[in-house]
Structure formats: C-alpha cells, structure tokens
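A short worksheet on the structure shown next.
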Number of protein chains: 2
Amino acid sequence: MARSKNTEQKIFDAATELFLEKGVDRTSVREIASKAGINLALMNYYFRSKENLFDAIFSMLVKKNSEELIRILNSDLGLFEKIRQYVHVYIDMLSDNPLLVSFVMAILHRSRERITEMKAISSLYSTDQFTKQILEEGKKGNIRRTDTTHFFVDMLSLIAFPFAIKTLVMDKNSFSEEEFSEFIHERKERVPEMLIESLKPRS
Amino acid sequence: MARSKNTEQKIFDAATELFLEKGVDRTSVREIASKAGINLALMNYYFRSKENLFDAIFSMLVKKNSEELIRILNSDLGLFEKIRQYVHVYIDMLSDNPLLVSFVMAILHRSRERITEMKAISSLYSTDQFTKQILEEGKKGNIRRTDTTHFFVDMLSLIAFPFAIKTLVMDKNSFSEEEFSEFIHERKERVPEMLIESLKPRS
DNA sequence: AATCGTTTTAAACATTGTTTAAAACAAGTA
DNA sequence: TACTTGTTTTAAACAATGTTTAAAACGATT
C-alpha cells in the first residue's frame, strides 16, 4: 500500500497548479516537490521525467475541458443555437480557468514539433458534423455559403484570444478583475451575434 | 576599437533568431554564444543578463513591427478603408514573421507581472484616434453604435489568433506551408468584410 | 520474524545562467 | 620602440537546474 494517501496525485496536482501559473519551463522540479511535500526524486519515480509529467497534465486538461464542447458540436441543435451554446460554454469554461489559453498557446509554440504526437490535441478536431451542417445550410440557402475552416477559426479566435491578451486588455482599459469578467461576460452575447450575422444572406 | 566587427550585434542577432524559434526559456546562453561564434561570458558582458537581452530583443521586435500599424490607426482615412488597410498590413507583417504571435503570447504568459513595465507594449496602445472615429461615426448614424474595446479586441483576435494556432490549422486540414499562406491570404479580404459587416446598421 | 516488492530518501551527476580574475588586444604617450 | 591605459575576450569556477543511483524504510505475506 502507499505510505501516504496518494503521492502520485499530490505531484500531479501541485505541478498542474504551478505549470498553469508560471509555465512549464519556469517551474522547477524542486518547487513541485516542495509544494507537494515530497522528496525531489519521487517526481522521476512516478513520472519518468518532467516532460512526461507535463504531457500527462496537458492531456488531462485538454480532455477535461473539451468533452462538453465536442458534445455540443455533434449535437442536433440548429446551427445558430449551436453556435450560441458553443460560444457560451467555451467562454464560461475559459472564465473558470483563464490561464488555460495562454498555457496552451505557450505549449503550441514550445513543442511545435511534438504537436502531432500529442494525442490530446486531436480530440479538439471533431468538427465533421458541424462542418457538414454549415455546408448543408449553405446549399439550402438558409445562410451564405461559407468556408468552414475560416468560420471555425473565426469562432475560436473571437472566443479564445481575448483571454490570451487579458493582461493587455486590463492594462490598457484599467480594468479590475471584476471589470474584465464583465467584459468577457458581454462577449457571450456579442460573439455569437457577430458570427451569425456574418452567416446571414446579404440584404 | 572592437576586435571583431560588432560582437554585441552578433549576440543580438543570434539570440533573436533562437528566441523566436525555440522560445526564451528553451534557448541556452551557450547555444547563443555558439551560434554567434563568441565566448560564453560575452553575453553577460554586453547585456547584463539573459533576461536583459530578452527585454532588448522584445522591445526591438515590437517597435519595428508596430510603427506602421500605429500610423494607419492615426491616419485620416475613412473608417472602413482604415480597417481594410490595418488588417491587410497587419496580416502581411505576421506572414513575414509567423513566429511573432506565438512568441508574444508566450511572453504575455511568461512575464505577466512585468507587462506593465515593458515600455514597448504601450506603443501598441495608441488607439485614441481610432476609438474617437468609431464613436463619431456611430453618433452620425453611419454605423451601429459599438463598444470600441470589444471591436478592437475582435479585430486583433481575427488577425492574430490564426497565427498562434498555425500548427493546429495545418495539422487538421493537412495544409502545406503554401496552403496555409493561401489560407492566411484569404483572410486579408474576409476579416475586414466581417468586421465592417458587423458595423453596418441592421437592415 | 523473515522475506519480498514497493516507496522514499540522500547524495551525486551533467547542464544551466552567472561571476570572476586574468589574459589579449588596440591606441595613445614617452 | 617600450610602456601605460582602457576595452574586449577568455577560461575557470559558482549556485541552481533536471536526472540518476544505490541504499534505506516501509507494508504485506508467509
């Protein structure tokens, strides 16, 4: 049996917090060990290396946060309502974990060559159903014919980027944390309307 | 006189390339010295520390790339034409330096607490003229009344974020470098039209 | 209480950013 | 030339990093 309740989990939790807060490369193993209250070498005992620990944490974060989003995309909601729900849930999720975007961005830059092998990433890719829906509505004439890749990128950009530049936005507008939250809250209405507007046939 | 042509510049150039490519924290001083063909200790002789060298490089990159953008924002172009030019020039600039966005994103996460003191950043803030223009056009009824902060964030998001997730977009769509360039090229028309559309009075 | 596999520990290792003190150099001065 | 002065370069050492190792401590089974 384990001597203490669950050493592996303690390492995992401490590292998750530190990685999100300070970034992987600026978090030392000794810092993780100290926060978890364990011996330095136990990190290498349970996870083979710091990089391996990071991979595990990254996978967990992506999986935990992407499942509900994928469910919405693959649901049989109407297109406009689906867009509204997706944006709403996505922004709420990032509001709960505002460091997630910057963290993922940093990772995309940091491990560019390893992206393809990071299985967790591909779980974000299930847009087939959503893509088909846009194309069909286009054929029916209910919306403008739209490049689905562009549209999805537009949607992700409007949702996620503001979190990545949170510091800049707060600094420039002298926002408090509450004011930034309010700003983000407003985007839950604004972004879907903007996206839907861009889909409606030209008047 | 300097023994070799310009050691300081050689360090600066080598570090710039490596920082953009691999990120600051994953670039060692010995690697910089090796690439620049100089002794290890010269980095600390010319720049006081690696962090200091990074600050100098970051300032240079921001200044070099932001001047033309600020000029456009403060010009007396009509609003729609100004938006078209801004997006066009910005995307061209990022196309020439596609690692810039990820680099800046990583920095925003990495040095969150130092952002305010990074003077270079504030040079991106000169949006007063642009903001005033949007408000005035709104009053005149030429466009919808729009929250200027939201609009500027929308614009930046649609311009910059696709570069940050370049790897994902290429991976998902099996894009070659050329195809990604073409994709980005298309956004130079798409993004301004989407933004302008969102400003036009509801039909 | 003896044994076995698992978990934890302290110590050492190579590599990182940084500092130091001496050497090498260019330019001016006698 | 020979000598001095200030700048630039060098090699070596430093503390801190991620990692490995071998031994100790532990819990469970016999």
Side-chain angles (χ1 to χ4, degrees), chain A residues 1-59 103 106-107 109-114 117-118, chain B residues 1-59 103 106-107 109-114 117-118:
Chain A
M1 262 316 238
R3 198 165 313 180
S4 59
K5 194 104 155 290
N6 197 344
T7 303
E8 186 171 351
Q9 192 63 40
K10 285 199 290 186
I11 298 172
F12 193 90
D13 292 344
T16 301
E17 207 168 312
L18 288 168
F19 284 174
L20 278 170
E21 179 64 26
K22 317 183 36 174
V24 180
D25 294 320
R26 298 178 79 77
T27 300
S28 75
V29 174
R30 283 166 180 80
E31 206 175 353
I32 297 172
S34 164
K35 179 165 191 132
I38 53 107
N39 182 278
L40 168 66
L42 286 177
M43 192 280 283
N44 287 78
Y45 176 75
Y46 284 102
F47 307 88
R48 291 204 330 278
S49 65
K50 185 186 174 187
E51 198 67 13
N52 215 49
L53 169 59
F54 155 67
D55 280 356
I57 290 175
F58 185 73
S59 294
F103 179 70
I107 295 322
H109 187 218
R110 202 193 91 116
S111 337
R112 236 173 309 139
E113 64 295 336
R114 292 205 303 117
E117 63 181 86
M118 285 189 181
Chain B
M1 264 314 241
R3 201 166 310 181
S4 59
K5 194 109 154 287
N6 197 343
T7 303
E8 186 171 350
Q9 192 64 41
K10 285 199 290 188
I11 298 171
F12 193 91
D13 292 343
T16 301
E17 206 168 314
L18 288 168
F19 283 175
L20 278 170
E21 179 64 27
K22 315 181 40 174
V24 180
D25 294 320
R26 297 178 81 75
T27 301
S28 75
V29 174
R30 284 166 180 80
E31 205 175 355
I32 298 172
S34 164
K35 177 162 191 135
I38 53 104
N39 182 279
L40 168 66
L42 286 177
M43 192 281 283
N44 286 77
Y45 176 73
Y46 283 102
F47 306 87
R48 291 201 333 274
S49 66
K50 184 185 175 187
E51 199 69 12
N52 216 49
L53 169 59
F54 154 68
D55 279 355
I57 289 174
F58 185 72
S59 294
F103 178 70
I107 295 320
H109 188 218
R110 201 193 93 114
S111 338
R112 236 172 309 140
E113 64 295 335
R114 292 206 301 116
E117 64 182 83
M118 286 189 181

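So that the names make sense, note that chain A is the first sequence line, chain B the second, and so on, each numbered from 1.
The structure places CZ of A:Arg26 at 12.5 Å from CD of A:Glu21, a figure rounded to the nearest 0.5 Å.
Here the nucleotide nearest the side chain of A:Ala41, chosen from C:dA10, C:dT7, D:dT10, is C:dA10. Closest to the A:Tyr46 side chain, of the nucleotides C:dT7, D:dT17, D:dT8, is C:dT7. When distances run from any side-chain atom of B:Asn39 to the nucleotides D:dT19, C:dT8, D:dT10, the shortest one goes to D:dT10. Residue A:Tyr45 places its side chain closer to C:dT7 than to any other of C:dT18, D:dT19, C:dT7. For B:Leu40, taking side-chain heavy atoms from C-beta onward, the closest of the listed nucleotides D:dT10, D:dT8, C:dT18 is C:dT18.
The distance between atom NZ of A:Lys50 and atom P of C:dA14, rounded to the nearest whole Å, is 21 Å. Taking atom CG on B:Asp25 and atom P on D:dG18, their separation rounds to 11 Å, with Å as the unit. One can place CZ of A:Phe47 at 12 Å from P of C:dT8, the figure rounded to the nearest angstrom. Rounded to whole angstrom, the span from the CG atom of A:Leu42 across to the P atom of D:dA25 amounts to 16 Å. The nearest whole Å value for the distance from the CZ atom in B:Arg30 to the C1' atom in C:dG17 is 7 Å. Atom P of nucleotide C:dT16 and atom CG of B:Asn44 are separated by 15 Å, given to the nearest angstrom. A:Asn6 has its CG atom 16 Å from the C1' atom of D:dG27, to the nearest Å. Rounded to whole Å, atom P of D:dT17 lies 13 Å from atom CG of A:Leu18.
Each of B:Ile38, B:Leu42, B:Thr27 was compared with B:Ile32 under the side chain to side chain contact (heavy atoms under 4.5 Å, CB included) criterion, and only B:Thr27 meets it.
Contact of the B:Ile107 side chain with the B:Phe54 side chain is registered, since non-hydrogen atoms from C-beta on lie closer than 4.5 Å.
For D:dT9, one of the phosphate oxygens OP1 or OP2 lies less than 4.0 angstrom from a side-chain nitrogen or oxygen of B:Thr7.
Salt bridge status for B:Glu51 with B:Arg110: present, with a side-chain N to carboxylate O gap under 4.0 Å.
The aromatic rings of A:Phe103 and A:Phe58 are tilted relative to each other, their planes meeting at an angle between 30° and 60°.
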